[in-house]
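Structure, as structure tokens:
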Amino acid sequence: MQSRKKVMSLESMNPMVKETKLPIADHLAQRAEELQQDLKQGGKGRPYSEIMKCHTGDICSMGQKPNTFIQQVAAICAYPELLKSASMPEDVKQRAQGILQGVDGFSIGGYNLRYIDYSVPEKIAKFIERRDGGIPSNPRNIIGCHGVNLCIMNVMDLVTTKEPLKTGVLVPVPHCPVYTNALVLADAIKVPYQLDEGNDWALNLQELRQALQEGRKHCNPKILCIINPSNPTGQVQSRKCIEDVIRFAAEEGLLLFADEEKQRAKEFLAENARLTEEMFRQIPGIYCSPIRGSMYAFPRIDIPEKAVRQAQEQGMEPDVFFCYKLLEETGVFLAAGSTFGQDEGTYHFRLTLLPPKEKLKSVLQSIRDFQKKFFEEYS
Ligand SMILES: Cc1ncc(COP(=O)(O)O)c(C=O)c1O
């Protein structure tokens with residue numbers, strides 16, 4: 001009998017999928033999970049009692065309250081009986097009713113996707129018109145997706161072609177890996193443009209122009225991705241920069257992906273941003289650009305040569321090595337800069353500003369103490 005090979009195994013699977021990465025699903029995340037399990041069993045000998053998950057912008061895992069209005073509207077749309085419930089606030093009921101009235105059968109279940117194609121886009125278009133002082137917005141140009149990630153993947157799939165050259169996608173460096181993942185899966189070519197760390201991570205139009213020219217030598221750049229506020233740097237681009245970029249995209253015939261996902265960051269983060277900047281300013285070997293409007297800080301770190309060599313011997317990026325040791329010794333879980341791309345020879349980490357103030361203080365103190373010890377050990 002012929003020996004049967006598994007159709008789906010690590011060896012036989014789509015190699016593109018293996019190239020994708022996310023800070024919530026890498027080796028560091030795996031180790032954090034093991035440590036968390038160990039802590040549940042008592043974590044004997046460990047000088048900390050919890051894993052501080054500062055590697056992602058997950059509001060819930062950081063103990064912040066989610067937006068209950070959205071949760072409640074979604075719950076009523078899925079189960080309209082809740083309209084009768086006294087536990088649902090009146091404004092929530094009104095919003096849900098407005099959505100349900102626009103769909104067949106007053107329900108969003110089954111194959112009924114009218115709320116994505118009609119009911120919700122009509123409301124969004126009205127909002128945009130109001131916001132923009134009456135400039136008309138066509139609901140047929142608004143597409144709903146379940147999360148930004150899926151939206152990026154769907155549109156990239158839609159635009160990419162292979163002939164005569166593969167499609168190029170201009171992405172900032174650093175950038176959150178959802179873009180690399182989407183373009184790898186769509187078999188498109190990454191055309192990186194560097195953000196200017198020395199100038200608070202500003203987007204430089206000249207750099208963008210050069211990257212486009214470079215890209216045109218080996219692919220057909222069709223998409224320009226702008227992430228504003230930036231993930232991971234936290235930078236917010238100026239109005240002039242945004243206008244210049246829109247003009248540039250129009251002149252060069254590029255489809256503009258303007259990702260403003262991180263605009264959800266809240267006011268309370270301003271206080272945490274101040275605290276973080278202040279602390280990092282006092283730590284030798286850590287350099288943090290001003291944090292403007294996002295939920296992250298993305299400081300550069302010095303890593304001593306001896307630590308770089310040891311990381312390489314262990315097959316790790318030096319900043320992963322730093323984050324690994326920090327996690328192991330303090331329970332603080334950061335995302336390594338190499339996950340997002342960075343200038344050759346520079347190292348960074350990304351820290352979410354979401355923990356409540358007192359917890360964030362303790363996280364920053366742990367980073368400060370660890371950094372001192374790390375330097376003494378490897379210098
Ligand atoms: C800039 C940016 N775009 C897209 C995404 C993916 O968003 P979603 O979780 O809605 O799929 C993220 C996630 O953190 C992000 O930071």
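Every number for a ligand or one of its atoms is a count from 1 in the order of the listing.
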Is any N or O atom of Y296, backbone or side chain, closer than 3.5 Å to an N or O atom of ligand 1?
no
Counting each atom of ligand 1 from 1 as listed, which ones have a heavy atom of [X] under 4.0 Å away?
X: I227; value: 1 (C)
X: N149; value: 6 (C), 7 (O), 8 (P), 11 (O)
X: G147; value: 10 (O), 11 (O)
X: N231; value: 1 (C), 14 (O), 15 (C), 16 (O)

Between V191 and L185, is there shared hydrophobic-cluster membership here, with clusters defined by ILVMFWY side-chain heavy atoms closer than 4.5 Å?
no
Let me confirm one number: the CD-CD1 distance from Q235 to I291, rounded to the nearest 0.5 Å.
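The CD atom of Q235 sits 11.5 Å away from the CD1 atom of I291.
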Judged by non-hydrogen atoms, does C176 sit under 4.0 Å from ligand 1?
yes
Relative to the ring of F349, is the ring of F280 parallel (under 30°), tilted (30 to 60°) or perpendicular (over 60°)?
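Answer is perpendicular, since the angle exceeds 60°.
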Any side-chain hydrogen bond (donor to acceptor under 3.5 Å, both in side chains) pairs touching residues 135-153, not counting sequence neighbours?
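Not a single pair qualifies under side-chain hydrogen bond (donor to acceptor under 3.5 Å, both in side chains).
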With a heavy-atom distance limit of 4.0 Å, tell me whether V148 approaches ligand 1 through its side chain, its backbone, both, or neither.
both
Does T160 reach the main-chain N or O of A188 with its side chain, forming a donor-acceptor pair under 3.5 Å?
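No, T160 side chain to A188 backbone: no donor-acceptor pair under 3.5 Å.
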Of the options Y287, F322, Y296, F298, which is the one that meets H348 in a ring pair (Phe, Tyr, Trp, His ring centres under 6.0 Å)?
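It is F298; the other options fail the test.
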